[in-house]
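Shown next, in structure tokens, is the structure this report addresses.
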Amino acid sequence: GENVEQHPSTLSVQEGDSAVIKCTYSDSASNYFPWYKQELGKGPQLIIDIRSNVGEKKDQRIAVTLNKTAKHFSLHITETQPEDSAVYFCAASKRARFTGFQKLVFGTGTRLLVSP
Amino acid sequence: DTEVTQTPKHLVMGMTNKKSLKCEQHMGHRAMYWYKQKAKKPPELMFVYSYEKLSINESVPSRFSPECPNSSLLNLHLHALQPEDSALYLCASSPSGSSIRDIQYFGAGTRLSVL
């Protein structure tokens with residue numbers, strides 16, 4: 001089955017700095033890679049995603065890159081703000097063989113702390 | 001509106017109790033999911049319903065019993081749980097569950113404590 005590794009487990013930055021979180025996946029059939037932000041006491045919220053036929057996607061201060069050959073993808077947050085502090089999960093998804101469902105496998109999470 | 005509503009927010013139960021978790025969405029989504037999340041861990045898939053039928057059961061113990069009464073509602077019935085079942089239970093929904101364009105929307109979760 002799919003295995004998703006995520007690094008670092010914790011990341012502390014100063015406000016205004018950039019933050020980079022990296023994930024690797026094992027199954028070359030994975031075709032969809034979302035990133036979720038989970039704040040304390042809340043469920044995960046999608047912040048950006050990328051499909052396997054795209055190498056990079058950007059949305060304001062957030063960008064994601066995908067290297068299919070190396071099986072890794074990264075989240076880049078620029079000009080970080082204290083409200084970016086949360087746990088970030090990457091995920092990889094592929095269509096399950098017998099059911100046809102897109103099944104998400106999450107990375108282990110990164111706790112991002114942005115200090116004012 | 002991309003809201004998935006879960007009730008209750010917190011639940012404490014004994015090992016002999018029977019309780020239910022509820023999840024509701026009004027986005028017209030046809031796939032609904034239950035995840036279990038332990039502290040400082042990622043969500044782990046438990047069940048997937050598609051068009052009100054159970055499509056995926058990730059070998060979850062029978063003390064967890066899901067139910068999908070209609071396309072907007074998802075329940076998780078709990079019976080004879082163990083202390084190690086204490087966790088945050090998350091519900092999610094997506095338009096179909098089978099499209100690469102599907103996005104899963106999560107509720108805030110029910111924090112369950114089993115004494």
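Atom set for the values below is all heavy atoms of this structure, side chains included, hydrogens, waters and symmetry mates excluded. The chains referred to below are lettered A, B, ... by the order of the sequence lines, with proteins before strands, and numbering in each begins at 1.
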*Would you call B/Leu45 and A/Phe101 a side-chain contact if the rule is heavy atoms closer than 4.5 Å?*
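Sidechains of A/Phe101 and B/Leu45: no contact.
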*Examine the side chains of B/Gln37 and A/Gln38 and answer whether a donor and an acceptor come within less than 3.5 Å of each other.*
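Yes - a donor-acceptor pair under 3.5 Å links their side chains.
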Strictly less than 4.5 Å between heavy atoms, which residues of [range] line up against chain A? Please order them by number.
range: residues 107-115 of chain B; value: B/Gly107, B/Ala108
range: residues 69-78 of chain B; value: none
range: residues 79-91 of chain B; value: B/Leu88, B/Leu90

*Same cluster (ILVMFWY, side-chain, under 4.5 Å), B/Met15 and B/Val12*: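 No.
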*Given the rule that I, L, V, M, F, W and Y join up when any side-chain heavy atoms are under 4.5 Å apart, are A/Tyr25 and A/Ile21 in one cluster?*
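Yes: a chain of side-chain contacts under 4.5 Å links A/Tyr25 to A/Ile21.
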_Is A/Pro34 close to chain B through its backbone or its side chain, or both, or neither, when contacts mean heavy atoms under 4.5 Å?_
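For A/Pro34, no heavy atom lies under 4.5 Å from chain B.
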*Which region of A/Phe89, side chain (C-beta onward) or backbone (N, CA, C, O), has a non-hydrogen atom less than 4.5 Å from a non-hydrogen atom of chain B, or is it both or neither?*
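For A/Phe89, the side chain is the part near chain B, not the backbone.
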For [X], does the [atom1] atom have more than 12 heavy-atom neighbours from other residues, nucleotides or ligands under 6.0 Å away?
X: A/Glu79; atom1: CD; value: no
X: B/Glu44; atom1: CD; value: no
X: B/Lys19; atom1: NZ; value: no
X: B/Arg30; atom1: CZ; value: yes
X: A/Gln60; atom1: CD; value: no

*Which bit of B/Ser96 comes within less than 4.5 Å of chain A, counting heavy atoms only: side chain, backbone, both or neither?*
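Answer is backbone: N, CA, C or O of B/Ser96 sit under 4.5 Å from chain A.
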*If you count heavy-atom pairs under 4.5 Å between each of B/Lys40, B/Gln104, B/Lys9 and chain A, which one has the most?*
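That would be B/Gln104.
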*Can you tell me how far CG of A/Leu104 sits from CG of B/Asp102, rounded to the nearest 0.5 angstrom?*
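If we round to the nearest 0.5 Å, B/Asp102:CG and A/Leu104:CG are 9.5 Å apart.
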*asked:* Which heavy atom of A/Phe106 sits nearest to which heavy atom of B/Pro42, and what is that distance?
replied: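 Taking A/Phe106 first and B/Pro42 second, the nearest heavy atoms are CB-CB, 3.6 Å.
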*Any chance you could pull the hydrophobic cluster mates of A/Leu113, using side-chain heavy atoms under 4.5 angstrom and chaining through other members?*
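None, because no other hydrophobic side chain comes under 4.5 Å of this residue.
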